[in-house]
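Structure first, commentary second.
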Amino acid sequence: MGEKVDAEPVSGRAMLGQTLRVLREKAGKSLGQLADETGYEKSYLSRLESGDRVSKVTVMEDLDGYYGTGDLLLSHWKAARLDAFKDRYKEYMALEATARIMWVFSPGIPGLLQTEEFARGVLSGAQTTADGDEVVEEQVAARLGRQYLLRQKPEPEVRLIMDEFALRRPAASGKSWHDQLLHLEAAALWPNMTLQVLPFSAGAHHHMVGSLTLLWQRDGSAVAYKEGNGCSRLIEDQ
């Protein structure tokens with residue numbers, strides 16, 4: 001008897017795509033009909049089904065509503081969005097998603113509070129090719145997807161500290177910067193959010209070149225995550 005070989009694991013993105021296709025076919029809809037009835041482009045829906053793209057969370061919420069599937073697609077999307085991050089981030093992402101208390105220091109505006117246009121500007125860099133644009137859009141969707149955890153129930157208690165530097169370097173677009181500042185102002189009023197700014201007058205400190213996140217889980221366990229200078233580190237040692 002030949003040796004049994006484990007099947008190649010299916011990625012979260014592929015699983016989501018398969019689910020989308022099955023739901024559409026079960027509903028007796030063509031991609032064209034689905035596009036007409038949901039307002040999303042046919043080519044975009046096709047790429048979601050083939051696993052080539054990870055959508056924004058709102059798309060999954062819309063399609064769950066369209067198919068009447070509760071939060072089925074949303075639950076698959078939570079796994080699929082991890083495919084947009086490199087392996088070293090995935091363990092941290094899983095811990096972030098279940099944390100009950102989060103403390104974050106960021107030299108710039110943290111990803112958890114970036115608007116879509118601001119995030120796109122930050123992530124674009126020098127990307128100018130069509131392939132580069134696709135990568136950026138996937139990273140934007142993944143970053144916005146992380147923000148979903150701020151409104152899941154029960155809501156985590158979050159304390160975000162930004163360096164004053166974050167407010168001194170505006171976005172390239174005046175409107176993007178205006179919208180980003182309004183979003184920060186609104187977030188500061190959320191009942192589960194404490195938003196603070198560390199002023200330049202506080203002097204030099206050892207987190208000037210990177211971010212630090214502390215996460216506490218429901219059972220009281222905690223981890224730290226440091227990121228900066230092109231490297232990252234998840235610290236579980238108390």
Side-chain angles (χ1 to χ4, degrees), residues 9-20 51 54-65 69-106 108-116 119 123 138-162 183-184 186-196 207 210-228 231-238:
V10 178
S11 70
R13 188 187 309 182
M15 182 64 70
L16 175 60
Q18 292 172 10
T19 304
L20 286 167
V54 174
S55 74
K56 301 172 189 173
V57 63
T58 51
V59 178
M60 293 299 102
E61 291 173 335
D62 288 347
L63 292 177
D64 263 331
T69 48
D71 61 356
L72 173 65
L73 293 175
L74 180 59
S75 64
H76 282 314
W77 171 87
K78 289 178 181 179
R81 71 188 180 92
L82 294 179
D83 292 342
F85 294 93
K86 296 180 180 179
D87 289 340
R88 68 176 181 270
Y89 296 112
K90 291 185 178 181
E91 185 178 356
Y92 165 73
M93 295 292 293
L95 292 169
E96 182 186 59
T98 57
R100 304 316 317 140
I101 300 174
M102 303 173 57
W103 287 3
V104 180
F105 170 78
S106 175
I109 294 175
L112 287 172
L113 291 183
Q114 290 179 6
T115 63
E116 180 175 346
L123 294 168
E138 182 166 282
Q139 291 174 338
V140 169
R143 177 163 295 186
L144 296 179
R146 289 179 57 213
Q147 299 175 8
Y148 178 80
L149 64 90
L150 296 178
R151 57 189 178 92
Q152 66 184 354
K153 301 296 183 182
E155 297 174 339
E157 296 180 23
V158 183
R159 180 186 181 193
L160 293 176
I161 304 174
M162 300 182 299
H183 183 59
L184 289 177
L189 299 176
W190 296 346
N192 65 320
M193 174 71 67
T194 299
L195 182 59
Q196 297 173 291
H207 288 302
S211 63
L212 171 66
T213 300
L214 304 178
L215 304 175
W216 283 269
Q217 301 297 322
R218 185 175 289 103
D219 64 3
S221 61
V223 298
Y225 183 73
K226 296 177 66 175
E227 190 172 26
C231 62
S232 58
R233 182 185 177 198
L234 185 66
I235 305 169
E236 299 178 275
D237 189 331
Q238 293 299 313

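Nothing fancy with the numbering, it's 1 onward along the sequence. Hydrogens, waters and symmetry mates play no part in the numbers below; they use all other heavy atoms, side chains included.
Counting all heavy atoms, side chain and backbone alike, G108 lies closest to S106 at O-OG, 2.7 Å. Among all heavy-atom pairs drawn from K153 and E155, the shortest one is NZ-OE2, 3.2 Å. The shortest heavy-atom contact between L73 and D64 is N-OD1, 3.0 Å. The shortest non-hydrogen separation linking M193 to L150 is CE-CD1, 4.4 Å.
How far CZ of R146 is from CE of M93: 5.0 Å, rounded to the nearest 0.5 Å. To the nearest 0.5 Å, atom CZ of residue R218 and atom CD1 of residue I101 are 11.0 Å apart. The distance from atom CH2 of W103 to atom CD1 of I161, rounded to the nearest 0.5 Å, is 8.5 Å. Remark: L214 CG to I235 CD1 distance equals 9.0 Å, nearest 0.5 Å. Considering CH2 of W77 and OG1 of T58, their distance stands at 9.0 Å, rounded to 0.5 Å. Of the inter-residue distances, the one linking L144 atom CG with L112 atom CG reads 10.5 Å to the nearest 0.5 angstrom.
Applying the 6.0 Å contact sphere to CD of E157 captures no more than 12 heavy atoms from other residues, nucleotides or ligands. More than 12 heavy atoms of other residues, nucleotides or ligands lie within 6.0 Å of CZ in R100, so this atom counts as buried by the packing criterion. In this structure, W216 places its CH2 atom where more than 12 heavy-atom neighbours from other residues, nucleotides or ligands lie under 6.0 Å away.
The shortest distance between side-chain heavy atoms of L215 and Y225 does not fall below 4.5 Å. At least one side-chain heavy atom of L149 sits under 4.5 Å from a side-chain heavy atom of P156. For the pair E96/T213, no side-chain contact is recorded, criterion being any heavy-atom separation below 4.5 Å from C-beta on. Inter-residue side-chain proximity for L195 and M162 is flagged as met; some heavy-atom pair is nearer than 4.5 Å. A heavy-atom distance below 4.5 Å is not found between the side chains of T19 and T69. At least one side-chain heavy atom of Q217 sits under 4.5 Å from a side-chain heavy atom of L95. The shortest side-chain heavy-atom distance between L184 and L113 falls under the 4.5 Å cut-off.
Q147 places a side-chain N or O within donor-acceptor distance of the main-chain N or O of Q114, the cut-off being under 3.5 Å. For E116 (side chain) and V140 (main-chain N/O), no donor-acceptor pair under 3.5 Å exists by modelled atom type.
For the ring-ring contact (aromatic ring centres under 6.0 Å, His included) test, no residue two or more places apart in sequence or in another chain qualifies with Y148. For N192, there are no side-chain hydrogen bond (donor to acceptor under 3.5 Å, both in side chains) partners, not counting sequence neighbours.
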